Colleague: 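Mind having a look at this structure? Questions to follow.
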Number of protein chains: 2
Amino acid sequence: MRSRHRVPTLVDVAKDAGISPATVSRSLNNPDIVSKETLERVQTAVNRLGYTPHFGARYMAAKRSWTIGAIIPTMENAIFAKGIQAFQEQLHEHGYTLLVSSSSYDPEIEAEQVRALISRGADGILLIGYWRDEAVYDFLRRRNVPFLLAWAFTAGNALPAIGFDNRASMYQLCDQVLALGHRKFAVISGKVDGNDRAANRLKGITDRLKDAGIDPKTVPIIETAYDIDNGANAFEELMQAEDRPTVVMCGNDVLAVGAISRAQEMGLDVPRDVSITGFDGIELARIVTPKLATVRVPHAEMGRRAADELVRMVESGEAGQSQELRIEVSMDLSIGSVSTT
Amino acid sequence: MRSRHRVPTLVDVAKDAGISPATVSRSLNNPDIVSKETLERVQTAVNRLGYTPHFGARYMAAKRSWTIGAIIPTMENAIFAKGIQAFQEQLHEHGYTLLVSSSSYDPEIEAEQVRALISRGADGILLIGYWRDEAVYDFLRRRNVPFLLAWAFTAGNALPAIGFDNRASMYQLCDQVLALGHRKFAVISGKVDGNDRAANRLKGITDRLKDAGIDPKTVPIIETAYDIDNGANAFEELMQAEDRPTVVMCGNDVLAVGAISRAQEMGLDVPRDVSITGFDGIELARIVTPKLATVRVPHAEMGRRAADELVRMVESGEAGQSQELRIEVSMDLSIGSVSTT
DNA sequence: CGACTCACTGAAAGCGCTTTCATGCACGTG
DNA sequence: CACGTGCATGAAAGCGCTTTCAGTGAGTCG
């Protein structure tokens, strides 16, 4: 029952078209070197039989899978959605298929996924951020599988990355917040452990505060996983302090949106009673009320460029070239000024 | 340069362990039938060499890929994210890997993706909704690849599906809207063409209105792609009418959120000036102000159940069993009552 | 007009694994 | 002691494709 119809193979096509399997293979992969007439007969046979090449066999014989793997920390929220979508589309343009898996921000799972992707023959791999066990990098290098990092960029780091400088970006945002007169800060950061993006964003804030003569140790900082509810709870906790902050800077938009929504539930007006900032510039930030002040990351462009670069690496065998992308600080309605009287 | 290190194969492991390749294969796939001592030697050799099985070869020899494919209409917004995430996790439990691709709501692309997934040896395939070219179903059946539909359920339809009744759910929501006294409706629907979910949601509204003695032809309906901005624009257009609706029902949360945000920009109070409803119950609906009245779909459960069922189909070779999931209508703050004086 | 080139095609090896079949060996049994 | 039994292993075929190597015939050139 399960195999009533035999699945047609390349040999079946060859027989049907009255030519050799070799020529059928060429017709499919390298049509230029086959005569027009033969090409047509192959085409006809393929259609008649409903032939689809067997990926495993093809991959085994050609040692090319036309597959690119990507491991992102999460699919649950939209942080990576836009970028990965663009990455996928651009890969498709190059004739590659994308395999995505998510690690739930767990380094062990990530390492396992890397092995899984390689075992499935990924010709190249996209990873998020820099920080991971050196063993993972070793494994990739030993296998000679090109890899590229995204969503982060640190000048001087030798690993090929396409992204933006998380520290500098947050530094810049913090700059603007200071310019509005804020001096009483609080921070809701993502989990810093093993996450260079989160760590650098936090560092961007503390660095800027130091430069402004504010001791970061005096700033209340809550570290929590990226999740709307966590953002909300952290916000509430921060506002319990007797000396309330005038601004709460969040490690990403998801946390910030949680903060905004809890603020409303608490009857606080944003930004009159308290200002809130985010990071990422996902759609959420745009539609929340008030519109979120945030750092806009060019997700789609990052995805496209990463695809182009990774394909280039795979096909040329050359080392990857890093690219830094420009972010844009957008001071939207969720932040107000503070009189510095 | 690209191949300085030769990738270790099963034969290398066999040599290193001093046993035959056959036994190594057995140790890896069927440890029960191998002696404990041999197992250990294999384990040691695998670790020493850093061996990872070659997926293509394995798939070719065993004719099982341990891969499940899923084709969703879009990754851009969160409609499918939660469900697919759960689907993936549950598949992982069963030892399967998920391959996701998106069709951008284009039936041609979807058909192409089906072929691509099959060619990659997907042992089973998850598709969204019922409507697609019969040729796609034929192809799947001819190939004997089990498939399952999700995000929809129509009683009596023979195709195996795990989801909810889009028409009935929207009918139910509309019911509640009527109960609040609304009589002047407007609708922002998703593109109905080729999309049974969108079509049935719309039908749920018109059916209910008919039953209430309201001629659906008198109700302004705008059909547009699921996108926040489209929702916003459609809303504005609908509110331009001289006889404004008291409620705008939207085909999904994304459209509804767009509508809410435009309402605010237009200086309209939701729900005092106009009520707005959505569909899906994604996170967005919860955090928008005012909280969106919508139909909550149990995405995670749908994903998990779909995974269990599809794996069962693949492993048993039996036909798929449909399951209908319960939705929940939540009348949140974006809807108010209308005095029926 | 013989030697070459060129465009096209075929034969066959081999990619890394699983699985069938055969074999060896240590038992327990009549 | 001859035999069947069951466990653990090995040998070898073969999965469906690509690619190298070797033609073949037609056209071109000195």
Side-chain angles (χ1 to χ4, degrees), chain A residues 3 5-42 45-46 49-67 95 115 118-123 143-144, chain B residues 3 5-42 45-46 49-67 115-116 118-123 143-144:
Chain A
S3 51
H5 316 272
R6 208 173 66 79
V7 173
T9 71
L10 181 137
V11 173
D12 297 326
V13 173
K15 277 184 192 142
D16 190 272
I19 53 181
S20 76
T23 301
V24 175
S25 172
R26 280 187 281 256
S27 309
L28 265 26
N29 302 310
N30 224 347
D32 305 340
I33 62 165
V34 174
S35 79
K36 207 161 180 183
E37 194 213 325
T38 309
L39 227 47
E40 264 167 32
R41 297 173 60 182
V42 170
V46 164
L49 301 178
Y51 168 75
T52 309
H54 186 291
F55 168 78
R58 173 176 249 178
Y59 161 37
M60 183 141 83
K63 304 180 162 275
R64 288 276 281 110
S65 69
W66 293 96
T67 297
R115 296 185 74 90
I118 291 201
S119 141
R120 298 181 96 73
D123 293 331
R143 288 291 181 135
N144 267 298
Chain B
S3 50
H5 317 271
R6 208 172 65 80
V7 173
T9 72
L10 181 137
V11 173
D12 297 326
V13 174
K15 276 184 192 141
D16 191 271
I19 53 181
S20 76
T23 301
V24 175
S25 171
R26 279 187 280 255
S27 309
L28 264 26
N29 301 310
N30 225 348
D32 306 338
I33 62 165
V34 175
S35 78
K36 206 162 180 182
E37 193 213 326
T38 309
L39 226 47
E40 263 168 29
R41 298 173 59 182
V42 170
V46 164
L49 301 178
Y51 168 76
T52 309
H54 187 291
F55 167 78
R58 175 175 246 179
Y59 162 38
M60 185 143 76
K63 302 176 166 275
R64 288 276 281 109
S65 70
W66 294 95
T67 298
R115 296 184 74 90
I118 291 203
S119 141
R120 291 177 156 273
D123 293 331
R143 288 293 182 133
N144 266 300

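The chains referred to below are lettered A, B, ... by the order of the sequence lines, with proteins before strands, and numbering in each begins at 1. This one's a predicted model, so the numbers in the text were calculated from it and none came from an experiment.
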Colleague: Expressed as a whole number of angstroms, how long is the span from B/E37:CD to D/dC7:P?
Modeller: 18 Å

Colleague: Nearest 0.5 angstrom please: A/R58 CZ to B/R120 CZ, how far?
Modeller: 10.0 Å

Colleague: Looking only at non-hydrogen atoms, find the nearest pair between A/V7 and A/D12 and report the distance.
Modeller: O-OD2, 4.1 Å

Colleague: Just verifying a value: how many Å separate A/S27 OG and A/D32 CG, rounded to the nearest 0.5 Å?
Modeller: 11.0 Å

Colleague: Nearest-nucleotide wise, let me know which of A/M60 and B/R58 is further upstream toward the 5' end of DNA chain C.
Modeller: A/M60

Colleague: Looking at A/S119 and B/P53, what are the two nearest heavy atoms and their distance?
Modeller: OG-O, 3.3 Å

Colleague: Work out how much the helix from C/dC1-D/dG30 to C/dG30-D/dC1 bends between its end axes, five pairs an end, to the nearest 10 degrees.
Modeller: 50°

Colleague: If you round to the nearest 0.5 Å, how far is OG1 of A/T67 from CZ of A/F55?
Modeller: 4.0 Å

Colleague: Do the non-hydrogen side-chain atoms of A/M60 and B/Y59 ever get within less than 4.5 Å of each other?
Modeller: no

Colleague: Which atoms form the tightest heavy-atom contact between A/A14 and A/S20, and what is the distance?
Modeller: CB-C, 3.8 Å

Colleague: Start with the C-alpha gap between B/Y51 and B/D16, add the side-chain angles, then the distance that decides, and say whether side-chain contact (heavy atoms from CB on, under 4.5 Å) holds.
Modeller: CA-CA 11 Å; B/Y51 168 76; B/D16 191 271; over 6 Å; no

Colleague: How would you label the contact of A/F55 with the nucleic acid (heavy atoms, under 4.0 Å): base, sugar-phosphate, or nothing?
Modeller: nothing

Colleague: Kindly indicate, with the supporting measurements, whether the criterion side-chain hydrogen bond (donor to acceptor under 3.5 Å, both in side chains) is fulfilled by B/T38 and B/R26.
Modeller: CA-CA 10 Å; B/T38 309; B/R26 279 187 280 255; over 6 Å; no

Colleague: Near DNA chain C, counting only heavy atoms under 4.0 Å, which residues of residues 17-29 of chain A show up?
Modeller: A/I19, A/S20, A/A22, A/T23, A/R26

Colleague: Hey, which of these two, B/V34 or A/P8, hits DNA chain D nearer its 5' end, going by closest nucleotide?
Modeller: B/V34

Colleague: Need two values: the first and the last nucleotide of DNA chain C, 5' to 3', having an atom under 4.0 Å from any heavy-atom of chain A.
Modeller: C/dC8 to C/dG16

Colleague: Could you tell me the separation between the OG1 atom of A/T23 and the CG atom of A/L28, rounded to the nearest 0.5 Å?
Modeller: 11.5 Å

